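By convention in this document, chain letters (A, B, ...) are assigned in the order of the sequence lines, proteins followed by strands, and residues within each chain are numbered from 1. All values reported here derive from a predicted model rather than from experimental measurement.
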Number of protein chains: 2
Amino acid sequence: MAETRRRARGGGGAARRAERSAVSFDTVKYIERNIPNFEVLNEEALAIIETNADTVLEEIGVNFINNPAALKRWKDAGADIDGERVRIPRGLARKLCATAPSEFTQHARNPERNVVMGGRNLVLAPVYGPPFVRDAEGGRRYATMDDFNKFVKLGYMSKWLHHSGGTVCEPTDIAVNKRHLDMLHAHMTLSDKPFMGSVTEPSRAQDSVDMCGILFGKDFVQQNTVMTSLININSPMTFDDVMMGALEVYAQNNQAAIISPFIVGGAMAPVSVAGTLTQVLAETLAGIAYSQLIRPGAPVILGAFVTSIDMNSGAPTFGTPEAAHITYGVGQLARRLNLPYRSAGSFCGSKLPDAQAAYETANSLNMGLLAGVNFMLHSCGWLEGGLVSSFEKFVMDADQLGALHHLAKGISVDENAQALDAIREVGPGGHYLGCAHTQANFKAAFWKSDLLDYKPFETWADEGAMDTEALAARRVQKMLADYRQPEMDIAIREALDTYVAEKKAAEPDSFM
Amino acid sequence: MAETRRRARGGGGAARRAERSAVSFDTVKYIERNIPNFEVLNEEALAIIETNADTVLEEIGVNFINNPAALKRWKDAGADIDGERVRIPRGLARKLCATAPSEFTQHARNPERNVVMGGRNLVLAPVYGPPFVRDAEGGRRYATMDDFNKFVKLGYMSKWLHHSGGTVCEPTDIAVNKRHLDMLHAHMTLSDKPFMGSVTEPSRAQDSVDMCGILFGKDFVQQNTVMTSLININSPMTFDDVMMGALEVYAQNNQAAIISPFIVGGAMAPVSVAGTLTQVLAETLAGIAYSQLIRPGAPVILGAFVTSIDMNSGAPTFGTPEAAHITYGVGQLARRLNLPYRSAGSFCGSKLPDAQAAYETANSLNMGLLAGVNFMLHSCGWLEGGLVSSFEKFVMDADQLGALHHLAKGISVDENAQALDAIREVGPGGHYLGCAHTQANFKAAFWKSDLLDYKPFETWADEGAMDTEALAARRVQKMLADYRQPEMDIAIREALDTYVAEKKAAEPDSFM
């Protein structure tokens, strides 16, 4: 089916050949939860926060900066405009949000990798945005395009990762005004998983749409969502023209946007959880409502990137209980809006992929699953408060994502799972290792890490007494050595190459 | 009040003097949850498991080994006895369990450290049982009494730890038949938090009761619970005479027992979650019912130590999703029995306090909080599948326990927390760092680790680029250097010393 679709779009025929022989790596389907969400706020608390968010929008309002067209759209929709301030009458934003779909499919070039955002699903994507990388051998350094390609390859090969992500690291060796082309090219050619578009300029969002036109066919892109891109709100309550310009391009082209406050609690939002929930809800209501003014029905995700702050040093802190409270709370608010929800990730403040990194990350991953998150950006590889993409942590976290899949399955109580015959067979004082039920079920019974160490102490010591980082460094090397590029229609590949080369030639490099 | 009680019990008077000047370390009250429990099983699934557990007790039964008195008690209660097999008619075990209290207070010698087991509370205690210790400097080695004392001191000084525990490590340099005396002496004199009694022989349980008689006064012990001790069930469905003998001593003396299967799933219980839940419920019903045959109203805790297994190597695995399912499920079953619940802990399989250890531990700690656990043994310091008590991991985990306290507080939506005035004050594009609401609230707003690193990269690098283990090693040294023994009535101290010395002199050392 994929091949048929590609041929039809590309206009080619039998002469086409695959660029390389097909090698496939196992990727599991996105998580479909069979466990409840953890609901920390009661009805009364939710109603207070919703009322207050409407008060914020009505009384205080939000700013749309350098964007007269946006102000006009808001005015036409019934908002009160005062300079760049947009005050939104009570209930209007929520009403506008109602046209946003509760679920949508993001297509991948390999249809087996399509993901459905929303509902009880959880789609996992890698870290986004760090200017630095770290690995055990080379330490911490500015990220390059070579690093970027490696992360895309690792993401492609990671069984529990459903999405290739976006800026897995910033390729600082490529000009700022051209790196989006190389990044998209990498996601499109080195992986067959769904990916994100550029948001750093509206023109780069348009390049993303155009490159998807080559990859998927122009008509297909207009009729289907093939990108989910990250639109940050400048909290508190500011929507800048660059991000809104990118949002406008994506919404006009039926492409999805995560509309997401980026909040360090105590700095960009009140120091209290309820206050932050209020502001997050007001901001996402305004942003999502705006997307629906651009194109009613445009796919969106309600996002919340929220962390707390060390009030002594001003440093952001991760995996904290307050971030968990907010993440649980926003999940409830998003479900009441019937919108897909993005939050959580492999967040940590540690400089190294050590115990601190793992505590903080595990706290955040677990909370993300139970909070009902639908799209988890940053689900692996995040280090040092998001300044660093770590190769070792990428594979360490990606392995832990397997545990989330198994947790989400819930508990079967069918007759086989009840295992009464096994209990009868074994009886008091026996053991279950050899019994029929164990033999029939052991392979699928327990999640098993592909990375962590379970060996006897002596074996482990004889083999070098490796810690998790060392095990992960070995795994990174093995994965990169084993990598094989997914099959791609050669004409599409050539058209992408040409697009990127022509765009790059058309303007001088800028590193601003 | 403590001093009054002690004087009254000790029979002494004004001449008494404190052995050392009082130095107190801050310990917070046990956790009183203000968040819901996570309920993974629905009513139908719970009913199936409860019905099956009764079927197991009725059809298959349990073994009470080398214990004719127990068989007689069961016969008198209406069970069917066949050799050492006890088959319990449907509903009988549950009915017998009804006399066990849903909550009880375990008294500490410092009444400020009393804990209430049950309800919505969570009491945290350290690791129990490892024969080895590890620290960054000395590596892995057999544990000694000197190590034991250090762990008791660390526990006493740990703010988020409410309980001194029991066998924080096995002091292998002390004779097996005497080490319980030194261990109890250490808990009684080096700490003022509540502790556990010996269970390795009924006579050692009696020694524990007798030493508590010295510490608290004999009458006080008969009227109040001053120990909570760990009674393991030999799964599947076997109750040996040593553990039951200790249980009998404790129940007769109104002291609490955790009645707890020790299960590596796939070996001591079926490889399925529902099958394991069934067996755990059957076993704990039988054990708790037996405690109530000894003394109706004896305080008990329904325990579940459950882990999964790597079916390739046979090694137990920790922090896994199946263990989480079981822990959530047993919590629901325990609440339906209206009994306090013990489970979870700082479980990990790693050999080192590294990222693996922290992922696995964080998975387990979070699940323990959300599963409604009331007493969490092993909440800090566990390493290498329970073979090792780690000094560094003890303080690392103990720090993370602070996050559980803050998570459990839930979300306030009072007017101050709503922070609408702060949002008004700051407005779009501002920041909250200096606003009145932040100034008034920042100190209590966010949990902050006392251990982990949040410094800027350059500062951290200049200070030695320490990983979490190195930070923890430094903290262990500092805590041990700062330790001051809690005040104790000198007459009680002397009586305890004499008891231990006389008991030790009365029989030869045994290392069996």
Side-chain angles (χ1 to χ4, degrees), chain A residues 35 38 40 45 48 52 56 62-63 236-238 266-267 270-275 308 310-311 313 315 317 320-322 325 349 351-356 358-359 362-363 366 396 400 403 406-407 411 413 417-420 422-423 428-429 431 433 438 441-442 445-447 452 454 460 467-468, chain B residues 35 38 40 45 48 52 56 62-63 237-238 266-267 270-275 308 310-311 313 315 317 320-322 325 349 351-356 358-359 362-363 366 396 400 403 406-407 411 413 417-420 422-423 426 428-429 431 433 438 441-442 445-447 452 454 460 467-468:
Chain A
I35 56 172
F38 186 65
V40 70
I48 288 171
N52 287 354
V56 167
V62 299
N63 282 356
M237 299 176 294
T238 303
V271 82
S272 65
V273 169
S308 46
D310 175 3
M311 296 301 293
S313 68
T317 53
T320 59
E322 294 77 24
H325 284 155
K351 314 297 181 289
L352 298 170
D354 60 0
Q356 174 176 349
Y359 283 125
N363 288 347
N366 281 294
M396 289 157 57
Q400 286 290 303
H406 279 246
L407 261 176
I411 301 176
V413 289
Q418 289 180 44
L420 264 183
I423 301 175
H431 73 79
L433 288 171
T438 303
N441 291 282
F442 80 91
F446 299 135
W447 171 70
L452 301 180
Y454 305 129
W460 169 80
D467 68 5
T468 318
Chain B
I35 56 172
F38 186 65
V40 70
I48 288 171
N52 287 354
V56 167
V62 299
N63 282 356
M237 299 176 293
T238 303
V271 81
S272 65
V273 169
S308 46
D310 174 3
M311 296 301 293
S313 68
T317 53
T320 60
E322 295 77 23
H325 284 155
K351 315 296 181 291
L352 298 170
D354 60 0
Q356 174 176 350
Y359 282 125
N363 288 346
N366 281 294
M396 288 157 57
Q400 285 290 303
H406 279 246
L407 260 177
I411 301 177
V413 289
Q418 290 180 42
L420 263 184
I423 300 176
V426 171
H431 73 79
L433 288 171
T438 303
N441 291 283
F442 81 91
F446 299 135
W447 172 71
L452 301 181
Y454 306 128
W460 169 82
D467 68 5
T468 319

Top of [options] for chain B proximity - count of heavy-atom pairs under 4.5 angstrom:
options                                : value
A/Ala419, A/Ala274, A/Ala445, A/Pro270 : A/Pro270
A/Gly266, A/Ala403, A/Ala422           : A/Gly266
A/Ser313, A/Gly275, A/Gly349           : A/Gly275

(message) If we define contacts as heavy-atom pairs under 4.5 Å, which of B/Val426, B/Thr238, B/Thr317 has the most with chain A?
(response) B/Thr317

(request) May I ask you to name which of B/Asp467, B/Leu407, B/Val273, B/Val413 has the most heavy-atom pairs under 4.5 Å with chain A? (result) B/Leu407

Please look at [X] and chain B and tell me whether the side chain, the backbone, both or neither of the residue comes under 4.5 angstrom of a heavy atom of that chain.
X        : value
A/Ile423 : both
A/Trp460 : side chain
A/Asp310 : side chain
A/Val40  : both

Does the side chain of [Y] come within less than 4.5 Å of [X]'s, by heavy atoms?
X        : Y        : answer
B/Phe446 : A/Val271 : yes
B/Val62  : A/Pro428 : no
A/Asn441 : B/Ser272 : no

(message) Run the side chain to side chain contact (heavy atoms under 4.5 Å, CB included) test on B/Phe38 and A/Ile35 for me, step by step, so that the C-alpha distance in whole Å, both residues' side-chain angles and the decisive distance to 0.1 Å come before the verdict.
(response) CA-CA 10 Å; B/Phe38 186 65; A/Ile35 56 172; 4.2 Å; yes

(request) Hey, could you give me the CG/CG distance between A/Leu420 and B/Asn52, rounded to the nearest 0.5 Å? (result) 4.0 Å

(request) Give, for atom OG1 of A/Thr320 and atom CG of B/Leu452, the distance between the pair rounded to the nearest 0.5 Å. (result) 11.5 Å

(request) Apply side chain to side chain contact (heavy atoms under 4.5 Å, CB included) to B/Asn363 and list each qualifying residue two or more places apart in sequence or on a separate chain. (result) A/Ala362, A/Asn366, A/Gln400

(message) Does any backbone or side-chain atom of B/Leu433 lie under 4.5 Å from a heavy atom of chain A? Answer side chain, backbone, both or neither.
(response) both

(request) Could you look at B/Pro353 and say if it's the side chain, the backbone, both or neither that has a heavy atom under 4.5 Å from chain A? (result) backbone

Provide the closest heavy-atom pair for [X] versus [Y] in the form atom of the first, atom of the second, distance.
X        : Y        : answer
B/Ala355 : A/Met396 : CB-CE, 3.2 Å
B/His325 : A/Ile411 : O-CD1, 3.6 Å
A/Pro321 : B/His406 : CG-CB, 3.4 Å

(message) Quick one: does any side-chain atom of B/Asp354 pair with a main-chain N or O of A/Thr468 as donor and acceptor, under 3.5 Å?
(response) yes

(message) Under a 3.5 Å distance rule, please check whether B/Glu322 uses its side chain to pair with a backbone N or O of A/Trp447 as donor and acceptor.
(response) yes

